[in-house]
Chemist: 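Structure in structure tokens, see below.
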2 protein chains.
Amino acid sequence: MTERAAEDPAARRRRKRPTMRDVAREAGVALRTVSRVVNDDPTVGPHLVTRVRAAITALDYAPDERAQQLRRGVSGTIGAAVRNLADAHPVLSAVDQAARQARLTVLAMSTEDEEEREREAVMSMCRRRVDGIIIEPISTNHQYLAAELESGMPLVAVDRPTGGVAADAVLSDNAAGIGMAFRHLVLHGHHRIAYIGDDERIFTGRERAAAFRACVAANGGTIDGLVHPGFVSPDRVAAALDAVLRGNPPATALITGNVATTIEVLRRLGAEAGRLAIVGFDDFPLADILRPGVTVIAQDSAVIGRTAIELLLARTADPDRPVRNVTVPVELIPRGSGELRPPP
Amino acid sequence: MTERAAEDPAARRRRKRPTMRDVAREAGVALRTVSRVVNDDPTVGPHLVTRVRAAITALDYAPDERAQQLRRGVSGTIGAAVRNLADAHPVLSAVDQAARQARLTVLAMSTEDEEEREREAVMSMCRRRVDGIIIEPISTNHQYLAAELESGMPLVAVDRPTGGVAADAVLSDNAAGIGMAFRHLVLHGHHRIAYIGDDERIFTGRERAAAFRACVAANGGTIDGLVHPGFVSPDRVAAALDAVLRGNPPATALITGNVATTIEVLRRLGAEAGRLAIVGFDDFPLADILRPGVTVIAQDSAVIGRTAIELLLARTADPDRPVRNVTVPVELIPRGSGELRPPP
DNA sequence: ATGAAAGCGCTAACAT
DNA sequence: ATGTTAGCGCTTTCAT
């Protein structure tokens, strides 16, 4: 790690940040007039507007948003509690864009998949008096938010619902997705289809595993040795994959319940990836350039993000409206891995 | 998209958010005492502490951070202007963690790779009076920040330097990385090595292309038809790849200057990926499960992120310290694609 | 050990 | 059309 000191006028003078009062003095007008100009109030004479603008430029004045917020009562900011800042749920992009269109700033904080961090992040947002919160829940018990919800804080859960308190949520249609995957594989000639996915303590893990069991049952099969929910770790996925491949008879197709599992399975399979038909839940970048391409059930991030903001704004407008859960359809994207036929 | 209304006690009462004054009234003490308790001032009698705590709990009081910040003069927040919220530079995770350890909150805003958005985001952070800004520069001219820098706003550029104003920066060792990639390929028997990368108007594109040219020259070769910098689009990459493969003689190895290019090349190559030795600049998830695995020059995100926060804090402590540029070493990770030998 | 009062920088009644 | 004044919710002298 190399350091290099660059040129720097050592005698750089620090200027204190100018306030609105300074601008008023500079322009020779009242504070209120500056405020009017800053807020584009049309009732200011053009002459003064010019003078104030000049003063603002001369002093490099920028209003203090904290003071504005404090006084105005709204923050113009919504909080987003996401799992990881560098690799957030793709809906966050959509949330961000939709928020911008609603002239709202997004304050993103990471939860690192830890309940306590989630709580810290969300409470910090509340203390900042954000105008609403989008949360990708980690915790299963959000009682700690009861007071906030009661005092009208709009909160929208994404991907998973909140627990213990009623809040708006926008979820993907997990059951339909698993159904699509299952039928797709059956259609391609598979009879022994297995499932490896998240721990059933996690909402999506629970929903997807349950949907899978229902599919097997509806198809008149038995689920013995075919369903492998659990914590996603290389070892566990490896063991589950092993059980699936060495079953009697072995499964010829696999549904993976989340991206981490899909990737771990592919990593494990390596060169033998073509040996097993695979449909993964949730799309991921590069799924199309793997060989074979990975067939996935894709969530509609754009719609989810937009819907989340809509629910947020609706609740802001009417804090007493009934709580809503919106389910967004998913889509099967065939890319090769899900279209593999079983060996004869 | 299905909607479902959930149970909701229609007559839910909205409680106004309690202020410190409310807590004081509830506890029967002065405002100042509540403030003391909230800030863990030890000079409050244990009896009153208990009473105040009880009132805080009873009212579900949480201090308004905006007001605290306004009064205290610091925000406890640093801004991070990143390209995209859902797919930020991996250093952001490291920044986030390092910031948390420094008891700072990260306010992330996206620039969407647009200069104007960058400016909006950064200025918005300034108006929020954040304690510092981490920026992944899009713009090449940051004169608009001159006043802020002058009034002491700590600003650290990551991955690329700022333009037009002197600011701290932490950069990867682009030249060394290209050098490592080039030597690695030479070592594996390649004589015709090509480069496809970013537009040279972008800092990293410029540095990497220049380093590549230097390598070719040092190796006694000519660069005719081997260097293809430019805007990263599927068409342009396809054309460049075509030129590389149909050269006379064709190149047997390729260095790609960024992840987008690497992926576009792999997508284009498809099943023929084994035909060309490839070393990509910047690591990416799944590089290890592609076949062959993709050999990359990896940046040390953790170090970059930590260093960025260090520079930020150092400047906060001493706004007059000389501007520093820190260069962080990169690493070559062999995974297969870079170890392919040229056809005989 | 506790409290009264003065702001932080701004907006919004309410004059004029 | 412009200015005066009272807060937003908090921290912080300065008394007591």
Side-chain angles (χ1 to χ4, degrees), chain A residues 15-53 55-56 59-77 124-131 151 153, chain B residues 15-53 55-56 59-77 124-131 151 153:
Chain A
R15 262 189 312 190
K16 198 188 133 289
R17 200 185 284 281
T19 74
M20 192 173 265
R21 186 188 226 90
D22 298 324
V23 176
R25 194 181 311 116
E26 171 89 7
V29 298
L31 190 64
R32 184 66 181 95
T33 304
V34 180
S35 174
R36 285 202 171 95
V37 172
V38 165
N39 294 286
D40 291 318
D41 186 317
T43 72
V44 186
H47 183 61
L48 285 193
V49 171
T50 314
R51 250 177 41 212
V52 170
R53 288 251 155 79
I56 288 177
L59 300 181
D60 273 313
Y61 168 75
D64 186 321
E65 231 169 83
R66 299 167 302 181
Q68 291 181 312
Q69 289 178 18
L70 191 58
R71 195 50 245 248
R72 292 208 262 244
V74 293
S75 67
T77 304
S124 161
M125 291 170 181
C126 291
R127 283 194 304 272
R128 277 159 200 263
R129 303 294 188 264
V130 295
D131 293 338
S151 59
M153 172 68 77
Chain B
R15 264 190 310 188
K16 199 188 133 287
R17 201 183 283 279
T19 75
M20 192 173 267
R21 187 189 226 88
D22 297 323
V23 176
R25 194 181 309 116
E26 171 88 7
V29 298
L31 189 64
R32 182 67 181 92
T33 304
V34 179
S35 175
R36 284 200 172 97
V37 172
V38 165
N39 294 288
D40 292 317
D41 185 318
T43 73
V44 185
H47 183 62
L48 284 193
V49 171
T50 315
R51 249 175 45 209
V52 170
R53 287 254 155 79
I56 288 177
L59 298 182
D60 274 312
Y61 168 75
D64 186 322
E65 233 169 80
R66 297 168 304 182
Q68 290 181 314
Q69 289 178 17
L70 189 58
R71 196 50 245 249
R72 292 208 261 244
V74 293
S75 67
T77 305
S124 162
M125 291 169 181
C126 292
R127 283 193 305 271
R128 278 160 200 261
R129 302 296 189 262
V130 294
D131 294 337
S151 57
M153 172 68 76

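Both backbone and side-chain heavy atoms feed into the values below; hydrogens, waters and symmetry mates do not. Each chain gets a letter, A, B and so on, in the order the sequences are listed, and its residues count up from 1.
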Chemist: Roughly how many Å is it from CD in B:Gln68 to C1' in D:dT12, rounded to a whole number?
Modeler: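 After rounding, the gap between these two atoms is 13 Å.
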
Chemist: Got a sec, which pairs hit salt bridge (Lys or Arg N to Asp or Glu O under 4.0 Å) with one end in residues 27-38 of chain B, sequence neighbours left out?
Modeler: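 For residues 27-38 of chain B, and leaving out neighbouring residues, the salt bridge (Lys or Arg N to Asp or Glu O under 4.0 Å) pairs sorted by first residue read B:Arg36-B:Asp41.
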
Chemist: Would you mind classifying the nucleic acid contact of B:Thr33 as base, sugar-phosphate or nothing, using non-hydrogen atoms under 4.0 angstrom?
Modeler: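 If one applies the 4.0 Å heavy-atom cut-off, B:Thr33 turns out to touch the sugar-phosphate alone, with no base involved.
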
Chemist: Mind calculating the distance between CG (B:Leu31) and P (D:dC8) to the nearest angstrom?
Modeler: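 Between P of D:dC8 and CG of B:Leu31: 12 Å.
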
Chemist: Touch check for B:Arg36, heavy atoms < 4.0 angstrom, all strands: base, sugar-phosphate only, or nothing?
Modeler: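 Base, at least one base atom sits under 4.0 Å.
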
Chemist: Would you indicate what B:Arg32 reaches in the nucleic acid, counting non-hydrogen atoms under 4.0 angstrom: base, sugar-phosphate, or nothing?
Modeler: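 Since a base atom lies under 4.0 Å of B:Arg32, the category is base.
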
Chemist: Heavy atoms only, 4.0 Å cut-off, all strands: where does A:Val29 land among base, sugar-phosphate and nothing?
Modeler: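 The residue A:Val29 makes sugar-phosphate contact but no base contact.
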
Chemist: Round to a whole Å and report the spacing from CZ of B:Arg17 to C1' of D:dC8.
Modeler: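 From B:Arg17 CZ to D:dC8 C1': 14 Å.
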
Chemist: Does the distance from a Lys or Arg side-chain N to an Asp or Glu carboxylate O, for A:Asp60 and A:Lys16, drop under 4.0 Å?
Modeler: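 Salt bridge: no.
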
Chemist: On DNA chain C, nearest-nucleotide positions of A:Ala67 versus B:Thr43: which is more 5'?
Modeler: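 Closer to the 5' end of DNA chain C: B:Thr43.
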
Chemist: Nearest to the side chain of A:Arg71, heavy atoms from C-beta on, is which of D:dT2, D:dA6, D:dC10?
Modeler: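 For A:Arg71, the side-chain atoms sit closest to D:dA6.
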
Chemist: Please list, in 5' to 3' order, the outermost nucleotides of DNA chain C lying under 4.0 Å from any heavy atom of chain B.
Modeler: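 The protein-touched segment is C:dA1 to C:dG9.
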
Chemist: If the helix axis at each end comes from five base pairs, how far does the helix from C:dA1-D:dT16 to C:dT16-D:dA1 deviate from straight, to 10°?
Modeler: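 That helix gives 40° between its end axes.
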
